[in-house]
K.L.:
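Got a structure for you, questions after.
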Amino acid sequence: MVDTTPLTRAVDHFADRLRAAPQSRLQRGGASEALELARELSRRAQLLEEPAAEPRVMPDAGMFAAADQITVAAHDLALVLDDEGQLEQAVALVAEAQQRAGV
């Protein structure tokens, strides 16, 4: 079993920054970066759970839901990760998305 604490910490930090960000920052790309991250984390979780199934796309629930979407997607992924390499990739994705989001 993989200790997914680094992933949940990184995502929780990003989500907190999104929640504290002004609406203008979310509109300038913070929310869209978060949504893309949530979709990618969700896709990875689904592929680990059901490799033969076509992953479903996480819907756009609006800019104010972006923080919750990355949190849910990351926690879903954390439940199915089975090696350190997958964990490291997920943590890197979060860091890159947060940097692009500017929060």
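The structure presented is a predicted model; accordingly, all values stated were derived computationally and were not measured.
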K.L.:
Hey, quick one: are Val91 and Val72 part of the same hydrophobic cluster, counting side-chain heavy atoms closer than 4.5 Å, chains of contacts allowed?
P.N.:
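No, it is not one cluster - the side chains of Val91 and Val72 are not joined through contacts under 4.5 Å.
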K.L.:
Only counting residues at least two apart or in another chain, list the ones meeting salt bridge (charged side-chain N to carboxylate O under 4.0 Å, His left out) with Arg17.
P.N.:
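Residues passing salt bridge (charged side-chain N to carboxylate O under 4.0 Å, His left out) with Arg17: none at all.
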K.L.:
How far does OG of Ser42 sit from CZ of Arg56, to the nearest 0.5 angstrom?
P.N.:
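That separation rounds to 7.0 Å.
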K.L.:
Spell out, yes or no, whether Met58 and Leu81 are grouped together once hydrophobic residues are joined by side-chain heavy atoms under 4.5 Å, including indirect joins.
P.N.:
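Looking at the clustering, Leu81 is in a separate group from Met58.
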K.L.:
Can you tell if the side chain of Val11 reaches within under 4.5 Å of the side chain of Leu7, non-hydrogen atoms only?
P.N.:
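They are in side-chain contact.
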K.L.:
Does anything in residues 84-93 pair up under side-chain hydrogen bond (donor to acceptor under 3.5 Å, both in side chains), and if so which pairs, sequence neighbours excluded?
P.N.:
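Listed once each, the pairs are Arg44-Gln89, Asp82-Gln86.
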K.L.:
Looking at Ala73 and Ala38, what are the two nearest heavy atoms and their distance?
P.N.:
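That closest heavy-atom pairing would be CB-O, 3.4 Å.
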K.L.:
Considering all heavy atoms of both residues, which atom of Ala66 and which atom of Ala31 are nearest to each other, and what is their separation?
P.N.:
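Here Ala66 and Ala31 meet closest at CB-O, 4.0 Å.
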K.L.:
By side chain to side chain contact (heavy atoms under 4.5 Å, CB included), which residues pair with Gln99, not counting sequence neighbours?
P.N.:
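Not a single residue meets the side chain to side chain contact (heavy atoms under 4.5 Å, CB included) criterion with Gln99.
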K.L.:
Counting only N and O atoms by type, is there a donor-acceptor contact under 3.5 Å from the side chain of Gln46 to the main-chain atoms of Glu54?
P.N.:
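Such a contact is absent between Gln46 side chain and Glu54 backbone.
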K.L.:
Show the nearest heavy-atom pair for residues Leu47 and Ala53, with the distance to one decimal.
P.N.:
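Shortest heavy-atom separation between Leu47 and Ala53 comes out as CD2-O, 4.2 Å.
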K.L.:
Suppose we screen for side-chain hydrogen bond (donor to acceptor under 3.5 Å, both in side chains). Which residues come up paired with Arg43, at least two apart in sequence or across chains?
P.N.:
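With sequence neighbours excluded, Arg43 shows a side-chain hydrogen bond (donor to acceptor under 3.5 Å, both in side chains) to Glu40, given in chain and number order.
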K.L.:
Go through the structure and list residues passing side chain to side chain contact (heavy atoms under 4.5 Å, CB included) with Pro22, not counting sequence neighbours.
P.N.:
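Partners of Pro22 under the side chain to side chain contact (heavy atoms under 4.5 Å, CB included) test: Ser24, Arg25.
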K.L.:
By the salt bridge (Lys or Arg N to Asp or Glu O under 4.0 Å) test, which pairs, at least two apart or in different chains, include something from residues 94-103?
P.N.:
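Checked against salt bridge (Lys or Arg N to Asp or Glu O under 4.0 Å) - neighbours excluded - the pairs reaching residues 94-103 are Glu33-Arg100.
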K.L.:
Assess whether side chain to side chain contact (heavy atoms under 4.5 Å, CB included) is satisfied between Leu18 and Ile70, documenting all intermediate values.
P.N.:
CA-CA 10 Å; Leu18 286 167; Ile70 62 169; 3.9 Å; yes
K.L.:
How would you list, by chain and number, every residue that makes a side chain to side chain contact (heavy atoms under 4.5 Å, CB included) with Glu49, sequence neighbours excluded?
P.N.:
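Here the qualifying residues are Val80.
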K.L.:
Roughly how far apart are Thr4 OG1 and Leu77 CG, rounded to 0.5 Å?
P.N.:
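Output value for this atom pair is 8.5 Å.
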K.L.:
Using the test side-chain hydrogen bond (donor to acceptor under 3.5 Å, both in side chains), find all partners of Asp3 that sit at least two apart in sequence or belong to another chain.
P.N.:
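Listed in chain order: Thr5.
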K.L.:
Output every pair passing side-chain hydrogen bond (donor to acceptor under 3.5 Å, both in side chains) with a member in residues 68-80, not counting sequence neighbours, ordered by first then second residue.
P.N.:
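Applying side-chain hydrogen bond (donor to acceptor under 3.5 Å, both in side chains) to every pair that reaches into residues 68-80, excluding sequence neighbours, yields Arg19-Asp68.
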K.L.:
Taking a hydrophobic cluster as the set of Ile, Leu, Val, Met, Phe, Trp and Tyr residues connected by side-chain heavy atoms closer than 4.5 Å, whether directly or through intermediates, do Leu35 and Leu26 fall within one such cluster?
P.N.:
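In one cluster with Leu35: Leu26, no.
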K.L.:
Would you say Val2 ends up clustered with Val94 if hydrophobic residues are merged whenever their side chains have heavy atoms under 4.5 Å apart, either directly or through other cluster members?
P.N.:
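Same cluster: Val94 reaches Val2 through Ile, Leu, Val, Met, Phe, Trp or Tyr contacts under 4.5 Å.
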